[in-house]
Amino acid sequence: MSLRVYNTLQGKKVEFQPLHPGKVGMYVCGVTVYDYCHIGHARANIVFDIIFRYLKYSGYDVTYVRNYTDVDDKIIQRANEREITCKQLSEEFIQAFDEDMARLGLQLPTVQPKATEHIDHIIALVERLIANGKAYASDGDVYFAVDSFDDYLKLSKRNLDEMQAGARIAPGEKKRNPMDFALWKMAKPGEPSWKSPWGEGRPGWHIECSAMGMEYLGESFDIHGGGKDLIFPHHENEIAQSEAATDKPFVKYWLHNGFVNVNKEKMSKSLGNFFTIRDILKSYDAEIIRFFILSAHYRSPIDFSDQNLKEARLGLTRFYEGLHAAAEMLAQCPDSDIQADDGDELEAKFREAMDDDFNTALAIGHLFEGVRTMNRLMATKKIRKKPEVIASLRALYTTFLKLGAVLGLFVSDPQQWLKQQNLAGLAELNISVEQVEGWIEERLQARKDKDFARSDEIRDELAAKGILLLDCAAGTTWKIK
RNA sequence: GGCUCCGUCGCCAAGUGGUAAGGCAGAGGCCUGCAAAGCCUUUAUCCCCAGUUCGAAUCUGGGCGGAGCCUCCA
């Protein structure tokens, strides 16, 4: 079974065959750096982080490019509001973005280019478009002539005539056709600008992604990704300006992730219903956020809510508790040469799920079944004298870590992770570890005295606070409910 | 208005023609001084209607409900 992906361009799942065998070029639209990132950005970047990881796991040599758009209307506006330079503003939020992504556990892309460092490439591309008769200069601006490109709107599957019917040229605009879009904008006083054949100016939105994509991946490459909201106009315009310049297909596979909703509504800056990554990280571990996002298919909408994140925490806790128990068990069991195929079976199911358009939700379902199998194996009586059971457990455990790494999950030490979750929960309850340990001591004494009434009373009191006491052979421990 | 998409158990969520994964919550059981965890068992015919088919949650048509894009947005 080979990899199949949903290609927005074709509107269906198709077999993935890279342009150059064994190699994949992938470009993902990064952020415009004028504000902190929200959970929607987290989703897009986590999704493509997984795609990057899975392609590498599948044996491809992947070049992953994710840009920073660091020149733009909103940056200029925000910088003016704060009375700092655009460069200061963009540098501040590039750093914030890098911090957020690092905390979310994302792998670094191969290249992270900035628009402002590719002005030469942008100008060259615009010149090429003018030379091809696909773009025209107009009083310091340069526009792409959508009429000149027959395939315009092939990605978003719209109708140019109908769109033109609703569009208008505003007074003062220098376009020939209301649907034409800017490739280059003349600088207004005080704006960042660069020298160009059309005078001082700056790139329009869209052109930087074409220029940087081609610069690092060639004039045609395999994958271009981003959020669904970028399909029109951003990606549509990228296709137009790139293919009109090179006369080659720009991108083979267009991949788009679904939105993060709040109360069934899209989270967006204009609605003001967004949560920043750094705020959420105050309450939830990064891996919980990742688990939450991967528990749905990347193209489906997901609803962001406290309840859903708590469920993600419960699910991830089940994995970590299983992995912790397995690690302890295996450390005590003798190794052997016996081979077990339990791990390979799990991995085959995992691949099948991921090969089907990166179905992480199904893959995680298989992993849940795997953890149940591990727990069942661990419940085997006299397990230490059953090398074949130990071999199965070891195979599963090893596979878990391997597959987890592909999803960016189970990357922490289980004991540490569980402890940290408990400590965080305890802090929320305003109870100290010393207090809990005191109660455990008292209860231990009561149990020694066979005063089970008092013993149970202590446990019930703690349970009412949200703390569970767990009796096991080694003593009594506790966890947050 | 145009163009996309979605509606699966109390909740989350896979499944795009072959007879409904998984998780959380619930019920019963094993285990336990009692618990917890874990394990076992158990809970849906897929928004409605009509059609195509030997067979549909999956295809077609109609309806109802929800979302997105068409302006910046992951």
Side-chain angles (χ1 to χ4, degrees), chain A residues 8 11-13 28-32 34-35 37-48 72-74 77 153 156-159 161-163 165-167 179 205 225-234 236 256-261 264-271 274 291-292 295-303 305 307-319 321-322 325 349 353 356 359-380 447 450-453 455-456 459-460 463 467-472 476-479 481:
Chain A
T8 306
K12 60 182 180 186
K13 277 188 214 171
V28 173
C29 287
V31 284
T32 300
Y34 71 100
D35 205 346
C37 288
H38 56 61
I39 182 77
H41 297 106
R43 183 181 196 190
N45 284 286
I46 287 171
V47 161
F48 287 101
D72 160 272
D73 292 348
K74 289 188 295 297
Q77 188 190 336
L153 304 180
S156 55
K157 296 163 181 65
R158 295 163 202 272
N159 180 298
D161 292 334
E162 283 169 6
M163 295 195 70
M179 292 303 292
W205 186 38
K228 271 190 161 78
D229 46 358
L230 295 181
I231 294 172
F232 186 89
H234 187 53
E236 195 70 70
H256 293 98
N257 65 274
F259 297 131
V260 176
N261 293 158
K264 312 281 180 194
E265 240 184 2
K266 177 186 171 183
M267 179 183 297
S268 76
K269 296 203 171 165
S270 44
L271 287 170
F274 63 91
F291 190 88
F292 160 67
S295 62
H297 186 92
Y298 78 91
R299 284 188 284 114
S300 308
I302 48 172
D303 214 51
S305 69
Q307 194 200 328
N308 287 164
L309 281 181
K310 281 184 174 148
E311 259 193 35
R313 167 154 50 204
L314 277 175
L316 192 54
T317 300
R318 179 167 161 83
F319 280 110
E321 286 183 342
K349 284 184 187 169
D356 186 12
N359 194 336
T360 53
L362 181 58
I364 287 175
H366 292 319
L367 292 178
F368 269 117
E369 289 182 331
V371 84
R372 188 167 69 223
T373 306
M374 283 206 297
N375 285 331
R376 193 188 299 140
L377 291 171
M378 283 187 275
T380 308
R447 292 179 77 203
K450 297 265 191 281
D451 182 0
F452 292 121
S455 164
D456 289 352
R459 192 192 21 238
D460 291 345
I467 299 167
L468 289 177
L469 294 185
L470 317 172
D471 296 328
C472 57
T476 300
T477 56
W478 58 274
K479 69 182 249 185
K481 221 188 266 182

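We name chains A, B, ... by the order of the sequence lines, and we start the count at 1 in each one.
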Which nucleotide in B:rA74, B:rA14, B:rC72 has an atom nearest any side-chain atom of A:Val31: B:rA74
Protein-nucleotide distance (A:Glu162, atom CD; B:rG2, atom P), rounded to Å: 8 Å
Between B:rC11, B:rA74, B:rU16, spot the one nearest the side chain of A:Asp356, thanks. B:rU16
Looking for any heavy atom pair under 4.0 Å, which part of the strands does A:Ser455 touch: base, sugar-phosphate only, or nothing? base
Looking at A:Asn257, does any N or O in its side chain come under 4.0 Å of the phosphate oxygens OP1/OP2 on B:rA74? no
If I take atom CD in residue A:Glu265 and atom P in nucleotide B:rA74, what distance separates them, rounded to the nearest angstrom? 18 Å
Have a look at A:Gly258 and say if it touches a base, only the backbone sugar-phosphate, or nothing, with a 4.0 Å heavy-atom cut-off. base
Complementary nucleotide for B:rA20 - Watson-Crick or wobble, under 3.5 Å: none
5'-most contact on RNA chain B (nearest-nucleotide basis), A:Met179 vs A:Asp471, goes to A:Asp471
Heavy atoms only, 4.0 Å cut-off, all strands: where does A:Val28 land among base, sugar-phosphate and nothing? nothing
Which residue lies more 5' along RNA chain B, comparing A:Lys228 with A:Ile302 via nearest heavy atoms: A:Ile302
What nucleic acid atoms does A:Leu469 come within less than 4.0 Å of, heavy atoms only: base, sugar-phosphate, or nothing? base
Using the side-chain heavy atoms of A:Asp456, tell me which of these nucleotides is nearest: B:rC12, B:rG33, B:rA13. B:rG33
Please pick, from B:rG22, B:rC39, B:rC24, the nucleotide with the shortest atom-to-atom distance to any side-chain atom of A:Phe368. B:rG22
The nucleotide from B:rC39, B:rC12, B:rC69 with an atom nearest the side chain of A:Asp229 is B:rC69
Decide, yes or no, whether a salt bridge links A:Lys13 with A:Asp356 under the criterion of side-chain N to carboxylate O below 4.0 Å. yes
Remember a base hit wins even if backbone is also touched, and classify A:His38 as base, sugar-phosphate or nothing at under 4.0 Å, heavy atoms. base
